[in-house]
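Notes follow the structure.
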Amino acid sequence: MAHQRDNRVLPGIIAIAILLRLAAAVYFGDSTDPAIDEFSYSALAARVADGHGFSFGEDWYPFTPAGTLTAHWSFLYTGFVAAIYAIAGYHPLVVRLVQSILGGILLPWLAYHLTKRLFPARHSVAVIA
């Protein structure tokens with residue numbers, strides 16, 4: 001009985017999670033803030049998508065000279081952003097929208113299933129998580 005209720009509630013929770021994340025993505029728009037990490041990842045991903053490799057076009061922080069390959073940033077996330085830029089062009093909003101959908105689905109789903117394994121007799125705890 002509780003499992004059937006979870007099957008109805010979880011999609012609603014996931015839908016709300018996606019909608020809230022999409023609203024935040026639209027609010028932040030199609031630009032990046034130079035004061036935070038997204039700016040570095042976006043610039044690096046744009047270079048990767050343009051075929052310049054894992055390097056910056058100008059000196060980046062005191063420890064990363066222009067045109068030098070770097071390992072100071074995550075390869076996986078940079079590759080994810082670069083793949084989106086290669087498909088959609090340089091649009092940070094598209095990255096945010098894709099992340100909103102993936103995060104809105106995967107994070108509540110993972111929290112639900114992990115909690116259900118920790119508390120198998122109490123399905124309501126998993127739905128609340």
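Since the structure is predicted, the reported quantities are computational estimates derived from the model, not experimental observations. What's counted below: heavy atoms across the whole structure, side chains too, no hydrogens, waters or symmetry copies.
The NE2 atom of His113 sits 6.0 Å away from the CG atom of Leu10 when rounded to the nearest 0.5 Å. For the atom pair OG (Ser42) and NE2 (His91), the distance works out to 11.0 Å, reported to the nearest 0.5 Å. Annotation: the span from Leu19 atom CG to Ile101 atom CD1 amounts to 10.0 Å, rounded to 0.5 Å. In this structure, OH in Tyr77 is found 11.5 Å from CG in Leu44, a value given to the nearest 0.5 Å. The OH atom of Tyr27 lies 11.5 Å from the CZ atom of Arg96; values are rounded to the nearest 0.5 Å. Taken to the nearest 0.5 Å, the CD1 atom of Ile14 stands 8.5 Å off from the CG atom of Leu106.
Neither Phe28 nor Leu20 shares a network with the other; the hydrophobic side chains, linked directly or stepwise wherever heavy atoms of I, L, V, M, F, W or Y lie under 4.5 Å apart, form separate groups for each.
In this pair, Phe54 and Phe75 present their aromatic rings parallel. The plane angle is below 30°, not in the 30 to 60° band. Tyr61 and Trp73 have parallel rings, their planes meeting at less than 30° on a 0 to 90° scale where 60° marks the start of perpendicular. Using cut-offs of 30° and 60° for the angle between ring planes, the Trp60 and Phe56 rings count as parallel.
Counting non-hydrogen atoms of other residues, nucleotides and ligands closer than 6.0 Å to CG of Leu69 gives a total above 12.
Nearest heavy atom pair, residue Phe39 against residue Pro34, reads CG-CA, 3.5 Å. In terms of heavy-atom proximity, Thr68 sits nearest to Ser55 at O-CB, 3.4 Å. Between Ile84 and Val94 the shortest heavy-atom distance is CG2-CG1, 3.6 Å. Of all the heavy atoms in Pro92 and Tyr85, the pair that sits closest is CG-OH, 3.7 Å. Considering all non-hydrogen atoms of both residues, Ala45 and Val81 come closest at CB-CG1, 3.3 Å. Across Arg21 and Ser100, no two heavy atoms sit closer than the pair O-OG, 3.1 Å.
At a threshold of 4.5 Å between non-hydrogen side-chain atoms, the residues Leu107 and Leu102 do not count as touching. With a 4.5 Å cut-off on side-chain heavy atoms, Ile13 and Tyr112 do not count as touching. Between Tyr41 and Val95 there is no side-chain heavy-atom pair separated by less than 4.5 Å.
Judged by distance alone, the side chain of Thr78 and the main-chain N or O of Ser74 form a donor-acceptor pair under 3.5 Å. Between the side chain of Asp33 and the backbone N or O of Ala35 there is at least one donor-acceptor pair closer than 3.5 Å. Between the side chain of Asp59 and the backbone N or O of Ala66, at least one donor-acceptor pair lies under 3.5 Å.
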